[in-house]
Amino acid sequence: MRWQGQELGSEDAAALPGLERIHGLVRSVTTPEFAGITFHEVMAKSALNHVPGASAMPFDWTVNPYRGCSHACVYCFARATHEYLDLDSGHDFDSQVVVKVNVADVLRRELARPNWQHDPVMLGTNTDPYQRAEGRYRLLPGIIDALTDSRTPFSILTKGTLLRRDLPQLVDAASHVHVSLAMSIAMYDESLQQSVEPGTPTTAARLATVRAAADAGFRVTVFLMPILPHLTDSAPMLHEALDRIRAAGAVRVVFGALHLRPGAKAWFLQWLEREHPELVPAYRGLYPGASVTAPKAYRAWLTARMRPLLRAHRLNGHDEDDAPRRSTAANPAGRVVTTSRGRAASTSGGRTAAASGTDRLF
C-alpha cells in the first residue's frame with residue numbers, strides 16, 4: 001500500500017499532474033484489492049452541485065461522491081471531466097479515481113441550511129456512485145442518511161450491484177421521502193458487454209439487482225442506453241433485452257442511441273477500430289466531425305422500432321429525446337422508484353433526466 005500525505009490546501013510536487021492543485025488532497029492510495037486503480041482521497045468543500053438554469057437537465061441538484069470511474073465504459077460522456085485535472089480522458093479516467101471522503105458530512109451541513117428548499121437531488125449524473133470504489137469507501141450510506149434526515153427526495157442511477165447492499169436502508173428512506181432508482185443496462189451480449197464496459201458487473205448481475213429492488217417494493221426503471229448502431233439495434237437483440245428487463249421486474253425503459261461527446265468520442269473510436277474495424281466508416285458517417293448525437297433520422301428509426309416492442313413486452317417507456325424539462329417542485333414522499341437516464345447521462349453515454357413526481361418517469 002502506498003500513502004502519499006499532503007497538508008490540506010498546499011501543493012505537492014510529487015502528485016500526479018493536475019492533482020497537485022486540488023485543495024484538500026489528503027492522500028493517494030493503491031491496494032492489491034484494486035489492482036491498477038489509484039484512489040485520490042480529497043476533503044470536499046461542497047457536496048451539492050447546482051445545475052445551471054440554462055441546462056437541459058430536468059433537475060437542479062446533484063451529488064457526485066467520485067470523479068473518474070472504474071467501470072471503464074468506452075462511451076462514457078464524463079471522460080472529458082478528467083481533463084480538468086490534467087489527466088487524460090482514456091486510461092486515467094478509468095484508473096485515477098478521486099474520492100470525496102467527507103462528502104456525507106458536508107452534504108448534511110448543506111442540507112441543514114435555512115434556505116434549503118428540499119428540491120430533488122440526483123445521484124449518478126456524472127460518474128457511478130456504486131462503482132467499485134464504493135465497496136471500499138462506503139460513502140452512499142451516509143449520503144442516503146443525510147438526504148433522508150433532511151426530508152430531501154432523491155434519485156439514484158447506477159450500473160453497480162452494490163446497490164443491493166443498501167436496499168434495506170433505501171426501503172426505510174422511502175417511508176420518509178420519495179426515493180427513485182434506475183439501473184443502466186445497455187448490453188445483453190456477454191462478450192460485447194465485457195468489451196465495451198470491462199469494469200462493470202455482468203448484465204445478469206445487474207438484472208438480478210433490478211429483481212432485488214423490485215422485490216423490495218420499488219418500481220424500477222432500466223436505461224437501455226446507449227443503443228449502439230449496427231451492434232445492439234437489431235430487432236432480435238432489442239426483443240431479447242426487453243424480455244429480460246421485463247422478467248427482472250422492471251416497469252419502465254428509457255432508451256436512446258449512443259452519444260459521443262468530446263473525450264469519449266476518440267476513446268470509443270479507438271475501441272471500434274480495434275474490435276470492429278468494419279464499422280468505422282459507418283460510425284464516421286453517423287457521427288461526422290464534432291457531431292455528438294446520431295442523426296435525427298436514425299433516432300426516429302430507432303424510436304419506431306422500439307415502440308411496438310415496448311408494447312409487446314407490456315413495458316412503459318420512451319426515447320430520451322421525449323424527456324420533459326426540469327421541474328423544481330419537491331416530490332411527495334412515497335416508495336415509488338421511477339427515475340430515468342435521458343439527458344446528460346454519464347453511465348449510459350447520453351444525457352441525464354431524473355424523476356420529479358410520484359410514479360412518473362421521464
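Predicted model, so just to flag it, every value in this text is computed and none were measured.
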Between CG of N49 and CG of D60, what distance do you get to the nearest 0.5 Å? 12.5 Å
Distance-minimising heavy-atom pair for A257 and L302: N-CD2, 3.9 Å
Rounded to the nearest 0.5 Å, what separation is found between the CG atom of L162 and the CG atom of L167? 11.0 Å
Do the side chains of V99 and L140 join up, straight or via other hydrophobic residues, at under 4.5 Å, putting them in one cluster? yes
With distance as the sole criterion, is a donor-acceptor pair present between the side chains of D92 and H82 under 3.5 Å? no
Looking at R299 and D319, would you say the former's side chain and the latter's main chain have a donor-acceptor pair under 3.5 Å? no
Against T81, only a single residue in T127, V98, N64, N126 fulfils side-chain contact (heavy atoms from CB on, under 4.5 Å); can you say which? N126
For R108, run the side-chain contact (heavy atoms from CB on, under 4.5 Å) check against V103, I143, D149 and tell me which one passes. D149
Looking at every heavy atom in both M187 and L228, which two are closest together, and how far apart are they? CE-CD1, 3.6 Å
Test side-chain hydrogen bond (donor to acceptor under 3.5 Å, both in side chains) applied to T200 and R206, step by step: CA-CA 9 Å; T200 60; R206 279 183 265 173; 3.3 Å; yes
From NE2 (H40) to CZ (R27), nearest 0.5 Å: 13.0 Å
Quick check against the 3.5 Å criterion: does S184 have a side-chain atom that pairs as donor or acceptor with the backbone of K159? no
Measure from the side-chain N and O atoms of D172 to the backbone N and O of Q169, and report whether any donor-acceptor pair falls under 3.5 Å. no
Verdict with reasoning, V210 to L181, per side-chain contact (heavy atoms from CB on, under 4.5 Å): CA-CA 9 Å; V210 171; L181 302 176; over 6 Å; no
Ignoring hydrogens and geometry, is there a side-chain-to-backbone donor-acceptor pair from Q131 to G160 under 3.5 Å? no
Rounded to the nearest 0.5 Å, what's the gap from CD on E197 to SG on C69? Could you check? 10.5 Å
G199 and A72: which non-hydrogen atoms are nearest, and at how many Å? N-CB, 4.4 Å
Knowing that exactly one of T161, D166, T209 qualifies, which makes a side-chain hydrogen bond (donor to acceptor under 3.5 Å, both in side chains) with Y130? D166
Indicate yes or no: at least one non-hydrogen side-chain atom of F154 is less than 4.5 angstrom from one of V63. no
First locate atom CG of L242, then atom CG of L238, and finally report the distance between them rounded to the nearest 0.5 Å. 6.5 Å
Just by modelled atom types, is the G256 backbone N or O under 3.5 Å from a matching donor or acceptor in the E320 side chain? no
Any sub-3.5 Å donor-acceptor pair from Q117's side-chain atoms to N115's backbone N or O? yes
Whether D105 and R109 form a salt bridge (side-chain N of Lys/Arg under 4.0 Å from carboxylate O of Asp/Glu) is what I want to check. no
Pairwise side-chain contact, D243 with H313, heavy-atom cut-off 4.5 Å (strictly under): yes
Among the clusters formed by ILVMFWY side chains lying less than 4.5 Å apart, do F34 and V97 turn up in the same one? yes
Please determine whether the number of non-hydrogen atoms from other residues, nucleotides or ligands lying under 6.0 Å from atom NE2 of H230 exceeds 12. yes
Quick one, N316 with V251, criterion side-chain contact (heavy atoms from CB on, under 4.5 Å). Give me CA distance, side-chain angles, the key distance, then yes/no. CA-CA 6 Å; N316 292 327; V251 297; 5.7 Å; no
Shared hydrophobic cluster for Y66 and I156 (ILVMFWY, side-chain gaps under 4.5 Å): yes
For residues C76 and W267, determine if any side-chain heavy atom of one lies less than 4.5 Å from a side-chain heavy atom of the other. no
Taking Q270 for the side chain and V74 for the main chain, is one N or O donor matched with an acceptor at less than 3.5 Å? no
Same hydrophobic cluster for M237 and Y298, using side-chain heavy-atom links shorter than 4.5 Å among ILVMFWY? no
Side chains of R67 and V42, heavy atoms from C-beta outward: is any pair under 4.5 Å? no
Judged by atom type as modelled, is there a donor-acceptor pair below 3.5 Å linking the side chain of R246 to the main-chain atoms of R314? yes
Hphob cluster co-occupancy, I245 + F255, side-chain heavy atoms under 4.5 angstrom: yes
What are the two closest heavy atoms between L107 and A146, and how far apart are they? CD2-CB, 4.1 Å
Do L269 and V280 have side-chain heavy atoms sitting under 4.5 Å apart? no
Beyond-backbone contact of V254 with H318, side-chain heavy atoms, under 4.5 angstrom: yes
Would you say T62 and L123 make side-chain contact, with heavy atoms under 4.5 Å? no
Check the pair R244 / T203 against side-chain contact (heavy atoms from CB on, under 4.5 Å), numbers first and verdict last. CA-CA 10 Å; R244 294 177 70 181; T203 298; 4.1 Å; yes
Between Y287 and Y283, what is the ring plane arrangement, given parallel below 30°, perpendicular above 60°, and tilted in between? parallel
Residue pair G124 / P129: nearest heavy atoms and the distance that separates them: CA-CD, 3.6 Å
Between Y137 and F39, what is the ring plane arrangement, given parallel below 30°, perpendicular above 60°, and tilted in between? perpendicular
Would a 4.5 Å heavy-atom cut-off, applied to side chains only, mark F77 and H259 as touching? no
Could you state the interatomic distance from OG (S175) to CG (L170), rounded to the nearest 0.5 Å? 11.0 Å
Using every non-hydrogen atom in the two residues, find where P141 and R165 come nearest and quote the distance to one decimal. CD-NH2, 3.3 Å
Run the side-chain contact (heavy atoms from CB on, under 4.5 Å) check on V101 and M43 step by step: do they pass? CA-CA 6 Å; V101 292; M43 299 294 286; 3.7 Å; yes
Can a donor-acceptor pair be found, under 3.5 Å and without considering hydrogens, that links the side chain of K100 to the backbone of S46? no
Counting heavy atoms not belonging to E275, are there more than 12 under 6.0 Å from its CD? yes
Is R136 salt-bridged to E33, cutoff N-O under 4.0 Å? no
With distance as the sole criterion, is a donor-acceptor pair present between the side chains of T152 and W61 under 3.5 Å? no
R79 side chain vs R261 backbone, donor-acceptor pair below 3.5 Å: no
Among I227, L224, D189, V196, the one residue meeting side-chain contact (heavy atoms from CB on, under 4.5 Å) with T232: I227
